[in-house]
Q: 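Below is the structure I would like to discuss, written out as structure tokens.
Atoms within each ligand, like the ligands themselves, are counted from 1 in listed order.
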Amino acid sequence: MQKIVFYSAQPYDIRFFEKENSSFGYELEFFDVQLRSHTVQLAEGADVVCIFVNDHCHAGIIEKLAAQGVKLIALRCAGFNNVDVAAAAAHGIGVVRVPAYSPQAVAEHAVALMMTLNRKTHKAYNRVREQNFALNGLLGFDVFGKTVGVVGTGNIGQAFAKIMLGFGCKVLAFDVVANKDLEALGVTYTNLPDMFATADIISLHCPLMDSTRHMINETTLATMKKGVMLINTSRGGLVDTKAAIHALKNGQLGSLGIDVYEQEEKLFFRDLSGDIIQDDTIQRLMSFPNVIITAHQAFFTQEALTQISNVTLENVQAFFNGELRNQVKI
Ligand code: NAI
């Protein structure tokens, strides 16, 4: 039976994968460290490495994996910007991913960030626990009737757009391909400049690519409505964080909710509560009262974890049966 070595494995990964594996029977070995040049040797003897968002899979690492006999890189996530797919192909290593796992999980988390920023429930919770029942500083706005811009209407953006329609919002969308079903439901496709000029809330759901890196930057932020709310549950690199901080300081950006962060790989998925954080940018972000940061937890629901482990193991099974399933191609 083939062996799968897991990097960046958290206790919940072990729990869900072991449960799902009872119907597959692979040999599983879990490591909590990230895949890096100095940890690649842990995959010795593995047929498959199973990695997550902040594992590195550049050409040098892929060469070492190939030399160790690894045949497949199984991403237990949707994004694959951390894998050099061309290098994997050159070494005859397959790359598979989980293209969609409960898109609702991520869309609903984007809504949670939006509503927390708007109605300040995080502050209200702490206040009431301190017997402070005053409302000063908790003023929000009706989401009903507002204009919401959705960038990227794939699985997640689509789910988010539908929720926003349910809130009674005017939904504008931008994507390289328009989704006819969304249009039929009342979503209007537009270009980014028009969306930026009119949206009260903007939510990012497109992939991180060279063409989308820092799509939210000093120039684009300046074209947005003053006080706009920006939500990013996609990938940190879509936003130039320093430009966002500048826009928060001068009020151009009214509030920011992020589940992803450009430099997250040194921080997220770890308990650093006893450490001195060296990243001054996130420290500055954390100091704003109108910024909510969650640590890449948008996907984190029971339904999503069940789907992730099941689809990953099915991808592995299909690969060894010679079938093309959820393969990432160049
Ligand atoms: P998807 O592949 O279904 O949809 C992405 C959409 O973006 C597609 O419709 C595509 O045409 C569109 N797109 C491509 N280039 C674009 C551009 N330049 N401008 C606007 N749209 C563009 O992907 P899905 O499942 O909806 O995921 C979206 C992103 O969410 C992923 O790329 C991933 O980075 C992120 N994600 C975050 C999670 C979290 O826990 N925070 C969990 C899962 C995904």
Q: Look at the rings of Tyr101 and Phe299 and say which category their plane angle falls in: under 30° parallel, 30 to 60° tilted, over 60° perpendicular.
A: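 The rings of Tyr101 and Phe299 stand perpendicular, inter-plane angle above 60°.
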
Q: What is the ring orientation for Tyr12 with Phe300, classed by angle as parallel under 30°, tilted 30 to 60°, or perpendicular over 60°?
A: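 Taking Phe300 first and then Tyr12, their aromatic rings stand perpendicular (interplane angle over 60°).
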
Q: In terms of side-chain heavy atoms, does Ser287 have a donor or acceptor partner in Arg284 at a distance below 3.5 Å?
A: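 Per modelled atom types, Ser287 and Arg284 side chains form a pair under 3.5 Å.
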
Q: Kindly list each side-chain donor-acceptor pair under 3.5 angstrom involving residues 4-11, sequence neighbours excluded, with atom names and distances?
A:
| from | atom 1 | to | atom 2 | distance (Å) |
| --- | --- | --- | --- | --- |
| Tyr7 | OH | Thr39 | O | 2.8 |
| Tyr7 | OH | Val40 | O | 3.3 |
| Tyr7 | OH | Ala43 | N | 3.4 |
| Ser8 | OG | Asp55 | OD1 | 2.7 |
| Ser8 | OG | Asp55 | OD2 | 3.1 |
| Gln10 | NE2 | Phe269 | O | 3.0 |

Q: Considering only N or O atoms, set out every pair between ligand 1 and the protein closer than 3.5 Å, with distances to one decimal place.
A:
| from | atom 1 | to | atom 2 | distance (Å) |
| --- | --- | --- | --- | --- |
| ligand 1 | 3 (O) | Asn155 | N | 2.9 |
| ligand 1 | 3 (O) | Asn155 | ND2 | 2.9 |
| ligand 1 | 9 (O) | Gly154 | N | 3.3 |
| ligand 1 | 9 (O) | Asp175 | OD2 | 2.7 |
| ligand 1 | 11 (O) | Asp175 | OD1 | 2.6 |
| ligand 1 | 26 (O) | Asn155 | N | 3.3 |
| ligand 1 | 26 (O) | Ile156 | N | 2.8 |
| ligand 1 | 34 (O) | Ser234 | O | 3.3 |
| ligand 1 | 34 (O) | Arg235 | NH1 | 3.2 |
| ligand 1 | 40 (O) | Phe299 | N | 3.1 |
| ligand 1 | 41 (N) | Thr233 | O | 2.9 |
| ligand 1 | 41 (N) | Asp259 | OD2 | 3.0 |

Q: Going by the salt bridge (Lys or Arg N to Asp or Glu O under 4.0 Å) test, which pairs reach into residues 39-50, not counting sequence neighbours?
A: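 Checked against salt bridge (Lys or Arg N to Asp or Glu O under 4.0 Å) - neighbours excluded - the pairs reaching residues 39-50 are Asp47-Lys71.
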
Q: Give the table of side-chain donor-acceptor pairs shorter than 3.5 Å for residues 321-330, with sequence neighbours excluded, one pair per line with atom names and distance.
A:
| from | atom 1 | to | atom 2 | distance (Å) |
| --- | --- | --- | --- | --- |
| Asn321 | ND2 | Gln317 | O | 3.4 |
| Arg325 | NH1 | Glu314 | OE1 | 3.1 |
| Asn326 | ND2 | Asn315 | OD1 | 2.8 |

